[in-house]
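This report concerns only the one structure given below.
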4 protein chains.
Amino acid sequence: MRPGGTPAQQRDLRAQGRRTVARLLDAGLRSFETIGYAATRVDDIVRMADTSHGTFYLYFASKEDLLAALAKECAAEMEALADGLGPVGPGADGREQLRAWVQRFVDVYRRYGPVVRAWSESQIADPALARLGQRSLRRITSKLTDRIAEASRPPGIDPAPAAFALIGMLERVNYFVLSRGLPVDDAAAVDTLAAVLHTGIFGGRPARRAPTGGRGRR
Amino acid sequence: MRPGGTPAQQRDLRAQGRRTVARLLDAGLRSFETIGYAATRVDDIVRMADTSHGTFYLYFASKEDLLAALAKECAAEMEALADGLGPVGPGADGREQLRAWVQRFVDVYRRYGPVVRAWSESQIADPALARLGQRSLRRITSKLTDRIAEASRPPGIDPAPAAFALIGMLERVNYFVLSRGLPVDDAAAVDTLAAVLHTGIFGGRPARRAPTGGRGRR
Amino acid sequence: MRPGGTPAQQRDLRAQGRRTVARLLDAGLRSFETIGYAATRVDDIVRMADTSHGTFYLYFASKEDLLAALAKECAAEMEALADGLGPVGPGADGREQLRAWVQRFVDVYRRYGPVVRAWSESQIADPALARLGQRSLRRITSKLTDRIAEASRPPGIDPAPAAFALIGMLERVNYFVLSRGLPVDDAAAVDTLAAVLHTGIFGGRPARRAPTGGRGRR
Amino acid sequence: MRPGGTPAQQRDLRAQGRRTVARLLDAGLRSFETIGYAATRVDDIVRMADTSHGTFYLYFASKEDLLAALAKECAAEMEALADGLGPVGPGADGREQLRAWVQRFVDVYRRYGPVVRAWSESQIADPALARLGQRSLRRITSKLTDRIAEASRPPGIDPAPAAFALIGMLERVNYFVLSRGLPVDDAAAVDTLAAVLHTGIFGGRPARRAPTGGRGRR
DNA sequence: GATGAATGAGATTTCATTCAT
DNA sequence: TATGAATGAAATCTCATTCAT
């Protein structure tokens, strides 16, 4: 659990060491959240984790190594999420299932959003890390592509770009709403996202009468 | 036209100076595109613009100041784009109109994408710049919100989050496809985006028979 | 003791760190002495202290911050000096006491002269530093003003400007004689200063034996 | 009149050129006054003189060259001032004469104070300029030394250091009172300075009854 | 296991001076 | 005579990483 960076993996940590690793990972995540990966200094992380520079390098080979550790956690979560999406039918239950899945995405993103963003930021960076990201993104979109392809999707929808549209829409709306404090109600956002995806991508029939929405809140 | 940064605005430039400003802005944009804002050094910019550090600081107070100048241009383009979207009807012409608009977004983003991304990256950074971004985003989404609200949208769609979904989806797909070399055909992407938005957000009727879609991915 | 600059005060230093701070302070003082504050480069200081730029900024925020640290030491010394001046009587013992005090001023100035001068040089610069200087000067002159006011001073002497005259005369003569190599004997300078101050400001009677004196009024 | 710097002296200026030189000299003086010589940028000077960098170097070889031009003016004034001090008698007329002379010093210093200070600041700087300053200081103090030596000075007063004390006291008090806004009345300062010098250095008899002082203003 | 100290390469920024018009 | 543009050497400052205790 939470294996830490390269140097940490070459030893077997005791309880105290594992706690320190966790503190550093959390501090990194928090700082990436607040000021972004690029702007985060190792000093910020160790101050937040209430430890020292020396200790940081006891467990991580570099700042990027810590990002990589977080990224592995994040990739695992995201892939599990993608795998958790079953076939989406056109009816009300399909929509409801989609809604639940979007909600799960929100939960994961609330924790790992900073990592996802750091990933895009650190454009070329470490090739190994970049490959990890691309591989993960490919797995996720390929799973989604399959789900879209098998659905009774409307004409004009090409499954591959639609998968990118799906994941991109989720990511950005979550970013806008969670990280910036945008003036949008969370529940309404989840409902709307599910509706757009269902109707627009999975060929869902619009809900007869919207139990929650339709009143056009602003 | 292309007013340059803070120091440049306090003098009135001659033709030569204006040319240099333009060269620096272009070089900055190109470098942000290639290696990202964070990774770009002032040195990269001046080498690309074939001038000296001293000259850079004659026209811009800092790298962030250059970003701000580009951001103003970008905000103007994006707001014009938003204003250019007329009412979207549910029929084939509504869909076609949306497709054309998405294509225009692609064109603008091809130029200013790096700025848009830098904007999110440089999270809190300079407050004035952050405010500019928020104001601009608000204007754009508010315009889109109006268009969505007046359309015969499907139930379950709340216009405000839908506007964020719209712009977020466009932004990310363009980023994936344009900036990363993702394995998606451009035209198919535009068609699919237009279709998702039309059906999923503006309550458009699905096209009778999809002329472009259905052929799978590449 | 010797608390260092702003960054140093936010941590608690160990012995090694305190030694480094002291080395930097001494190197700064020496360089200010030799070539003046304005002409001193951080590079001069770190070379003299046999350390690196990085280390300098570990303990001081800037060259000015180091000056401020020295200034605090200097202000404390100067204020202690001012407090050490007792009532000055008109007789030989008053004169002798004044002479001893002037000699102590010389000793303090020999160490902190460069700081005093840098203080006036860096005219408005950092407002906090300027305020510190003004406050200190006010304390010193106010103490001196009191001593002058209580002495049997000659008519025409207003204590407040006289205090400035006293401190100004001491400062400049020390600067001329100590820092520039002006052709004046140190002991004669101290004697003369004490005599001028005693007779001219504190209403002292001229010394008994004197080839030119003896017209002994009062 | 106001010959300008080295480059200017190699041409003969027309009216317009002479006006520009004067504007630059004044701007320099004003800036030295406000923020000091070291902190003054050529840019400050040309902006204040409402002209350009190119023009500056048309008339002055460097920033230091402008200081040198001002310094020559200043040295001439100061030496004339020193020459203007006649023998100082011990009586009331001697004191009055001294008072008038101190007042003339104040007038000169009000204009050239910044130059005097820049002179001390720019410690080693250009050797030619340094020599000019030392020569001028020597002339002035030597003249003053003679006047002190010939006066019926009190015992314990060595003329050479006394001359430095005299000029140093005048300089600093003027600096404190004129340049810093110190809480001292100008007229009282002049009276007090004259009294201190007369009694303390020139062996003057104290005034019978003090017209201004004695009540110990603060 | 943990820490504060130190480093130095590299990035940013300044500014006196020269140049082209 | 005047100007804005350009320069580049030098100065300041940052920060990931290593080291000694």
(request) Using whole Å, report how far CZ of C:F60 lies from P of F:dT12. (result) 15 Å
(message) Looking only at side-chain N and O atoms, does B:D65 offer a donor or acceptor that is under 3.5 Å from a partner on B:T6?
(response) yes
(request) Establish, with yes or no, whether the OP1 or OP2 oxygen of E:dA6 is under 4.0 angstrom from a side-chain nitrogen or oxygen of C:T20. (result) yes
(request) Start with the C-alpha distance between B:L66 and B:Y59, add both sets of side-chain angles, then the distance that settles side-chain contact (heavy atoms from CB on, under 4.5 Å), and finish with yes or no. (result) CA-CA 9 Å; B:L66 185 144; B:Y59 298 109; over 6 Å; no
(message) Expressed as a whole number of angstroms, how long is the span from C:D65:CG to F:dC13:P?
(response) 10 Å
(request) Assess the side chains of C:S52 and C:T55: does a donor N or O sit below 3.5 Å from an acceptor N or O? (result) yes
(request) Rounded off to whole Å, could you give me the CG-to-P distance for the C:L13 and E:dT3 pair? (result) 17 Å
(request) For A:R23 and E:dA2, give me the distance from atom CZ to atom C1', rounded to whole Å. (result) 11 Å
(request) Using a 4.0 Å heavy-atom cut-off, write out nucleotides 16-21 of chain F from 5' to 3' as B (base contacted by protein), S (sugar-phosphate only) or - (no contact). (result) SBBB--
(message) Apply side-chain contact (heavy atoms from CB on, under 4.5 Å) to residues A:V21 and A:F60 and explain how you reach the verdict.
(response) CA-CA 9 Å; A:V21 165; A:F60 297 96; 4.3 Å; yes
(request) For A:Y59, report the nucleic acid contact type (base, sugar-phosphate, nothing); a contact means any heavy atom under 4.0 Å. (result) sugar-phosphate
(request) Round to the nearest Å and state the distance from B:R19 atom CZ to F:dG4 atom P. (result) 17 Å
(message) Side-chain N or O of B:R18 versus OP1/OP2 of F:dA5: is the shortest distance under 4.0 Å?
(response) no
(request) Please state how far atom OH in A:Y37 lies from atom P in F:dC15, giving the value in whole angstrom units. (result) 14 Å
(message) Distance check needed: E:dA16 P versus B:L58 CG, whole Å only.
(response) 14 Å
(message) If you compare every side-chain N and O of D:T51 against the phosphate oxygens of F:dA2 (OP1, OP2), does one of them come in below 4.0 Å?
(response) no
(message) If the threshold is 4.0 Å, N to carboxylate O, is there a salt bridge linking D:K63 and D:D44?
(response) no
(message) Can you tell whether the side chains of D:D43 and D:R47 come within less than 4.0 Å, N to carboxylate O?
(response) yes
(request) For A:E64 and A:L129, work out which heavy atoms get closest and say how close. (result) CG-CD2, 3.9 Å
(request) Please state whether the phosphate of F:dT3, meaning OP1 or OP2, lies under 4.0 angstrom from any side-chain nitrogen or oxygen of D:T55. (result) yes
(message) Do A:E73 and A:Y112 have side chains that approach each other closer than 4.5 Å (heavy atoms only, starting at C-beta)?
(response) yes
(message) Reading 5' to 3' and counting Watson-Crick or G-U wobble pairs with both distances under 3.5 Å, write the dot-bracket notation for DNA chain E, | for bases paired outside the strand.
(response) .||||||||||||||||||||
(request) Starting at OG1 of C:T51, measure out to CZ of C:F56 and round the result to the nearest 0.5 Å. (result) 10.5 Å
